[in-house]
Amino acid sequence: MVNIEQFIQQKAVEAVEALYGAIDSSTVQIQKTRKEFEGDYTLVVFPLLKLSRKSPEATAGEIGERIASLCPELKGYNVIKGFLNLSLGDGFWAERFGEMLRDESWGHHNASGKSIMVEYSSPNTNKPLHLGHIRNNLLGYSVAEILKANGHRVIKANLVNDRGIHICKSMLAWKMFGGGETPASSGMKGDHLVGKYYVEFDKHYKTQIKELMAAGVGEEEAKRTAPIIVAAQEMLLRWEMKDPEVYSLWETMNGWVYDGFEKTYRAMGVDFDKMYYESQTYLLGKSLVDKGLQQGVFTRRDDGSVWIDLTGDGLDQKLLLRGDGTSVYMTQDLGTALQRFEEFDLDELIYVVGNEQNYHFQVLKLILSKLGYRWADHITHLSYGMVELPEGKMKSREGTVVDADDLIDEMVSTARDMSQELGKLDGCSEDAAAEVSRMVGLGALKYFILKVDPRKTMLFDPRESIDFNGNTGPFIQYTHARIRSVLRKATVSGIAFEGMATSGPVEYVSEEISLIKQLADYPSAVAVAGENFSPAIIAAYAYDLAKMYNGYYHDHSILREERPAVRAMRLELSRKVAAVISSAMKLLGIEVPEKM
RNA sequence: GGUUCCGUAGCUCAGUUGGAUAGAGCAACAGCCUUCUAAGCUGUGGGUCGCGCGUUCGAGCCGCGCCGGAAUCACCA
């Protein structure tokens, strides 16, 4: 497959050089012509005026004439101000169409030889996943899939935060108030059960603080000395000493949470190649502290704590080792980064983590490069904004979080009600109805979240997310289902088309040419999405393609077309559109139904 | 206060390395189901791209300064 833009660029450079002599080819700018003008590609002539010493119009005119003479594929050109719009002939596009029909993996790029790790999800094991995690998981999964499509070897990693005071809080509350309740005995999903006791802890903690303050104790001291928090801290110490009782409770309750997470991950359709557990990695990074001290990058204070001074870089002092010799979050992350680059020979390491940790990653990269690791530049923090609700921000303490499992269930059941109302499920088996509802409900949720630029704080309006009209996942799924239906009918009526599309000369209508152009763009959309780590680019592409096809579909009778060659071409075009929609949606983790 | 990010139609969002008359969807209004799925299609209205200055042939995009919002700046993770 030729790269069309490069092809045009080359012809334009040839033309310009023939007219004005040798030039730097980067001054010849080729871009796609905007929709409202006639043409496929546009040459911006302003940068060439110094060479031509003529008006923009005259320059564009003579370049256009020259390109036309040395490029038979060109159908024509027009000049508007300093813009030379070039139109390629239908024959040229028909050839491109033929090429993409033969290429079943259209849009996927050849192996790059690069290895990339994408870390995402990284939950705490003291409560269930919420809406913020959903954005994280969908982003991480989709970015990983997009990178795969770009030919990279991708390792999806999950670093589970399975230790710390927060876990002990749940454990303690369960011991005190749980009465031996288990997921099996209560019928609750494991992560929800553990989360329930985390909330329970907080309730008692708050009560105790209030009581202490009523007895005249200061707020700070009350927070520090409330019996229940003291007990939790004691439990953490016992965990660190691997006290058998605490340790086995910890294993049991984490096991419940993992079962619960597993179900949520499966429902969301995300997966991982490599699991890390913080209980196994939290001691990493101490050797780097020694290294940094030797290099004079870090300094040790009188109390034994180790610091790095980043004030010269506009940042602050950062602690790397406590006075008692234990490490902090940053130290662990330095260690795990090193471990990963060594273990997997990575070219890139991408962390999908919320923007509240921008500072952390800025510091992480800076420290690694100060330690002399060249790969520090190959760490990317894929930072995403918060998900806000219409009523205001979600806060877990205020109980305004949207639970991931609840949300998924609600989306699926709404999809079902909606389908039923529209009569889409008539004559469907129960299994088929459930399957379509699941795909559509999840498709709506995923698309709604992924179409937004990750960096932006986004508003999640449950009402709007459940709307299946317009720029939504279900609209794209619907287009796919319709095309599949046309193709099924063609097969049933014995209409042959496969392999016939390019068998003879056919006339194209403008919608067909538009579709071919949009299809021809798919590989570059995948490449751009890969460079920018942006599922939103794929979402926009898929929507444009689906919208274009829907317009086409309405204006043309495909199966009723009498001329076999034209009918075959239209069916092949439809088949390819469905294949590309399906492929693009797969990069977003969205399934496409055959019927809906 | 320091650092980073955001500000585009009433609402939710696009807008590729600076290019032409800034685009979709929702909401509103007017049409279109006897023809392959109406979760659809066609049309209308809706904008000082937060404000100002600068860079240049050209700025929503780049630079500087304001205004408004968010995150962060722990011996938490």
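Naming convention: chains lettered A, B, ... in sequence-line order (proteins, then strands); numbering from 1 in each chain.
- Counting distance only, with no hydrogens placed and no angle test, the side-chain atoms of A:Lys32 and the base atoms of B:U16 include no donor-acceptor pair under 3.5 Å.
- In this model, no side-chain donor or acceptor of A:Thr457 finds a partner on the base of B:A71 within 3.5 Å.
- A:Glu278 comes within contact range of the sugar-phosphate backbone alone, with a heavy-atom separation under 4.0 Å but no base atom that close.
- Across the interface with RNA chain B, nearest-nucleotide mapping of A:Glu356 and A:His556 shows A:His556 to be the residue nearer the 5′ end.
- Comparing A:Phe448 and A:Asn124 by the nucleotide of RNA chain B whose heavy atom lies nearest to each, the residue mapping closer to the 5' end is A:Phe448.
- Here B:A77 presents its P atom at 13 Å from NZ of A:Lys169, a figure rounded to the nearest Å.
- Judged purely by atom type and a 3.5 angstrom limit, A:Thr42 has no side-chain atom pairing as donor or acceptor with the backbone of A:Asn85.
- Within 4.0 Å of A:Gly323, counting heavy atoms only, lies at least one base atom of the nucleic acid.
- Separation of the C1' atoms belonging to B:C67 and B:C53 is 15 Å when rounded to the nearest angstrom.
- Aromatic rings from A:Phe475 and A:Tyr478 are positioned such that their centres are separated by 6.0 Å or more.
- In the set B:C6, B:A77, B:G40, the nucleotide with an atom closest to the side chain of A:Tyr478 is B:G40.
- Taking the six-membered ring for Trp and thresholds of 30 and 60 degrees, A:Phe448 and A:Phe460 have ring planes more than 60 degrees apart, a perpendicular arrangement.
- For A:Arg482 and B:A38, the shortest distance from a side-chain N or O to OP1 or OP2 is below 4.0 Å.
- No contact: A:Thr326 has no heavy atom under 4.0 Å from any strand.
- B:G47 is unpaired under the Watson-Crick or G-U wobble criterion, no partner having all donor-acceptor distances under 3.5 Å.
- The side chain of A:Tyr543 has B:A24 as its nearest neighbour among B:C13, B:A24, B:C75.
- With a cut-off of 3.5 Å on both pairing distances, the Watson-Crick or G-U wobble partner of B:C64 is B:G52.
- Using atom C1' as the reference point in both B:C57 and B:U72, the two lie 43 Å apart (nearest Å).
- A:Asp461 has its CG atom 19 Å from the P atom of B:G25, to the nearest Å.
- Distance from the side chain of A:Asp453 is smallest for B:A14 among the nucleotides B:U35, B:A14, B:A77.
- Checked by atom type and distance alone, the side chain of A:Thr33 pairs as donor or acceptor with a backbone atom of A:Asp40 at under 3.5 Å.
- Using cut-offs of 30° and 60° for the angle between ring planes, the A:Phe361 and A:Tyr351 rings count as tilted.
- Across all strands shown, B:C32 pairs with B:G40; the Watson-Crick or G-U wobble distances both stay below 3.5 Å.
- Residue A:Ala536 is classed as having no contact, given no heavy-atom separation below 4.0 Å to the nucleic acid.
- Rounded to a whole angstrom, the distance from the C1' atom of B:U12 to that of B:A59 is 26 Å.
- Taking only distance into account, the side chain of A:Thr472 never meets the base of B:A39 through a donor-acceptor pair shorter than 3.5 Å.
- As rounded to the nearest Å, B:U56 and B:G40 have P atoms that lie 49 Å from one another.
- Using N1 to N3 plus N6-O4 or O6-N4 for Watson-Crick, or N1-O2 and O6-N3 for G-U wobble, each under 3.5 Å, B:G19 pairs with B:C57.
- The separation between A:Gln362 atom CD and B:A71 atom P is 17 Å, rounded to whole Å.
- Between the side-chain ring of A:Phe83 and the base of B:A20, a stacking contact exists by the 5.5 Å and 30° definition.
- Taking every side-chain heavy atom of A:Ile558 into account, B:C36 is the closest of B:U8, B:A71, B:C36.
- Using a 4.0 Å heavy-atom distance criterion, A:Met458 is classed as a sugar-phosphate-only contact.
- Using a 4.0 Å cut-off, some side-chain N or O of A:Arg322 falls inside it from OP1 or OP2 of B:C76.
- At a threshold of 4.0 angstrom between heavy atoms, the contacts of A:Thr479 with the nucleic acid are absent.
- Residue A:Ser305 places its side chain closer to B:C75 than to any other of B:C75, B:U12, B:G19.
- At a cut-off of 3.5 angstrom, the base of B:A20 holds at least one donor-acceptor pair with the side chain of A:Asn85.
- For B:A9, there is no paired base (Watson-Crick or G-U wobble, both distances below 3.5 Å).
- For B:C33, the glycosidic angle deviates from 0 by 90° or less, giving a syn base.
- Across B:C41, B:A20, B:U12, the shortest atom-to-atom separation from the side chain of A:Glu464 is found for B:U12.
- When distances are taken from the side chain of A:Lys547 to each of B:A20, B:A39, B:A24, the shortest belongs to B:A24.
- Residue side chain A:Phe475 fails the stacking definition with respect to B:G40, as its ring centre and the base's six-membered ring centre are not both under 5.5 angstrom apart and under 30 degrees in plane angle.
- With hydrogens and angles ignored, the 3.5 Å screen pairs no side-chain donor or acceptor of A:Tyr198 with any backbone N or O of A:Met171.
- In the set B:A77, B:G40, B:A39, B:G40 carries the atom at the smallest distance from any side-chain atom of A:Asn550.
- For the P atoms, the distance from B:A9 to B:C66 is 25 Å, rounded to whole Å.
- Remark: side-chain polar atoms of A:Glu388 are not paired, donor with acceptor, to backbone N or O of A:Thr457 under 3.5 angstrom.
- Base pairing annotation: B:A70 forms a Watson-Crick or G-U wobble pair with B:U4, both donor-acceptor distances under 3.5 Å.
- Scanning atom types as modelled, no donor and acceptor separated by under 3.5 angstrom connect the side chain of A:Asp555 and the base of B:C41.
- Under 4.0 angstrom from either OP1 or OP2 of B:U21 there lies at least one side-chain N or O belonging to A:Lys81.
- Taking the side chain of A:Ile80 as heavy atoms from C-beta on, and the options B:C41, B:A20, B:G25, the nearest nucleotide is B:A20.
- Using a 4.0 Å heavy-atom criterion, one finds that A:Tyr553 contacts the bases of the nucleic acid, with or without backbone contacts as well.
- Within the 3.5 Å criterion, the main-chain N or O of A:Ile379 finds a donor-acceptor partner in the side chain of A:Lys365.
- In terms of modelled atom types and a separation under 3.5 Å, the side chain of A:Ser52 and the main chain of A:Lys54 share a donor-acceptor contact.
- Residue contacts shown for A:Arg34 include a base, since a base heavy atom lies under 4.0 Å away.
- With its ring centre under 5.5 Å from that of the base six-membered ring and a plane angle below 30°, A:Phe37 counts as stacked on B:A20.
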